[in-house]
Amino acid sequence: MMEPETASDVVLSLGALERGDMEILRLLGPVVIDLGNGKQVRYRGALEAQILAVLAREPQRTLVTADVLIEVLIEESGKHRDPRKARQSLHTGVHRINQKAPGVIGSVGSSYQLRINSDYEVVKANRHAAASLLENENPLKALEVIDKTLELWRGSPLGGVPFKAPVLREMVEQIDRLQDEFRELRVQAFLKARTRLTEALDDIDILLGSDPFQDRFHEWRFYAMLNHRGKQPALEVLARSLDQYREDGMELDFLEDLRDRFDREDVAPASLVATAPEEHPAGSRRHCLNNLPGATYSEFISTAELDRLKSAIKQQRPIVAVIAIGGRGKRTLVHYFCREIIKTRDHFDVVLWISAKEGRPTTLMSVLDQLAITAEQTHLARGEEEGLFAVRRETGSWRRA
């Protein structure tokens with residue numbers, strides 16, 4: 001899928017999805033194909049859902065070998081299945097899919113491709129578009145994209161089928177993560193625009209329910225309460241959170257520091273607004289290729305810890321570990337530090353953010369994968385910037401482009 005050129009294109013395509021004017025595979029709920037004429041085809045069979053999901057993991061029209069599909073079908077069977085029977089099941093499943101939606105799956109030699117787009121690809125592209133709008137201080141337009149994108153979720157991904165194959169389980173988990181990422185983007189848009197703060201608090205409660213020790217979620221809740229109801233109610237929310245954690249035998253120094261600071265000082269809500277990235281004249285400094293998630297609020301960063309990190313990274317062979325118990329602000333500190341690197345654009349050409357929470361091992365290939373994806377998202381892979389190299393994956397090998 002080509003990335004939409006503007007936010008208006010994104011919203012327009014989402015509107016076409018709502019009206020049923022686009023031929024598209026829907027995976028963010030029951031597996032359905034919209035035929036583009038107001039009609040739908042629903043695939044209730046596990047076999048068809050498995051085949052469509054594997055093909056949809058890759059961008060539209062990417063060829064997937066029959067061996068890859070057969071391996072997934074064997075894993076899904078939960079037993080030692082004859083590969084010849086699995087191959088026959090693959091042919092049967094592809095035939096059933098194309099019988100109801102002609103031409104949806106194409107074949108080239110012994111490989112298959114999905115010839116229509118999927119809502120999964122739309123969501124991934126729109127995440128980048130929404131984050132860019134936030135970076136460019138356009139939270140209201142970002143909200144328009146985010147709200148419409150979140151409406152694409154229609155239930156449990158892939159119909160809630162309990163898959164056995166690792167690639168399919170991973171895909172379901174990634175779709176769930178995408179939904180949480182859009183909630184995070186929406187909260188940031190709410191806070192930057194200072195609008196719909198009640199909804200912001202609802203989203204923050206959902207996020208805290210899945211990750212109660214994430215410091216930025218507590219920051220956002222405090223900021224939303226501060227703007228929505230004032231300083232005293234915001235401090236009371238912090239106090240209740242601290243009491244709850246103490247009852248569970250846990251201490252969050254981050255929350256105590258936040259409460260003490262605002263209990264001592266009369267801080268206006270305006271001081272919590274995230275500052276816009278520093279602007280530099282075109283060509284004055286080199287571009288810093290990056291894939292950082294949306295900005296967090298920097299007012300709660302420890303200056304002393306930030307200075308230590310800046311000093312450590314300048315050593316001859318810097319490998320810096322930031323170690324602390326959960327909830328102390330490790331991620332926020334490192335995230336803010338990386339943002340500073342991008343703003344100054346000194347020393348580094350590339351900043352890659354790779355999360356171990358995604359459950360996959362961090363290997364050289366996974367780093368190169370992320371570099372290639374990031375380069376393509378910023379159009380560097382298409383040669384629109386000079387003086388930098390992009391890394392592209394070609395049939396399992398890597399080269400400089």
Side-chain angles (χ1 to χ4, degrees), residues 7 10-11 14 28 123-124 126-153 174-231 233-235 237-238 240-241 252 254-255 258 262 267 269-277 291-301 327 329-336 338-339 353 355 357:
V10 175
V11 176
L14 289 172
L28 310 185
V123 165
K124 288 193 293 183
N126 290 355
R127 174 184 57 181
H128 178 66
S132 296
L133 285 166
L134 282 174
E135 286 290 326
N136 293 319
E137 301 299 320
N138 195 345
L140 292 178
K141 195 67 178 178
L143 274 175
E144 188 176 356
V145 174
I146 293 165
D147 284 340
K148 287 186 176 295
T149 303
L150 281 170
E151 290 173 4
L152 295 178
W153 269 268
Q174 186 173 7
I175 291 173
D176 286 336
R177 284 197 301 272
L178 279 167
Q179 190 174 29
D180 281 342
E181 287 176 18
F182 267 93
R183 286 197 182 101
E184 290 190 39
L185 288 170
R186 184 161 67 174
V187 169
Q188 292 179 68
F190 285 152
L191 298 181
K192 283 193 173 188
R194 298 186 181 223
T195 186
R196 297 164 58 185
L197 294 176
T198 300
E199 293 177 59
L201 289 166
D202 291 340
D203 277 344
I204 293 167
D205 284 341
I206 293 172
L207 293 169
L208 279 169
S210 60
D211 192 353
F213 301 107
Q214 188 57 256
D215 51 13
R216 70 183 183 279
F217 298 162
H218 292 283
E219 293 175 13
W220 294 346
R221 181 164 67 173
F222 180 82
Y223 177 58
M225 287 295 297
L226 194 63
N227 280 271
H228 186 46
R229 297 182 183 174
K231 176 180 174 181
L235 288 171
V237 166
L238 273 183
R240 286 198 297 272
S241 295
L252 286 184
F254 165 80
L255 289 182
L258 185 58
F262 282 88
V267 180
S271 69
L272 289 172
V273 177
T275 55
N291 67 333
L292 290 180
T296 56
Y297 296 91
S298 61
E299 286 70 21
F300 312 114
I301 298 297
K330 300 182 296 296
R331 183 187 186 280
T332 299
L333 174 67
V334 174
H335 186 279
Y336 180 66
C338 291
R339 285 279 164 196
W353 184 272
S355 174
K357 285 187 175 181

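These values consider heavy atoms only, across backbone and side chains, with no hydrogens, waters or symmetry-generated copies. None of these values were measured; they are calculated from a predicted model.
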Are [X] and [Y] ion-paired here, with the side-chain N under 4.0 Å from a carboxylate O?
X: E144; Y: K141; value: yes
X: R196; Y: D147; value: yes
X: R183; Y: D180; value: yes

How close do [X] and [Y] get, counting heavy atoms only, and between which atoms?
X: A189; Y: I146; result: CB-CD1, 4.5 Å
X: R127; Y: L178; result: NH1-CD2, 3.3 Å
X: L201; Y: M225; result: CD1-SD, 3.7 Å
X: L207; Y: E184; result: CD1-CG, 3.8 Å
X: V123; Y: L152; result: CG2-CD1, 3.9 Å
X: A142; Y: A130; result: CB-O, 3.9 Å

side-chain contact (heavy atoms from CB on, under 4.5 Å) test vs R186 passes for just one of L134, V145, L150, namely L150

Whether N227 side chain and Y223 backbone form a donor-acceptor pair below 3.5 Å: yes

K192 side chain to E137 backbone, donor-acceptor under 3.5 Å: no

Check: W220 ring centre within less than 6.0 Å of F217 ring centre: yes

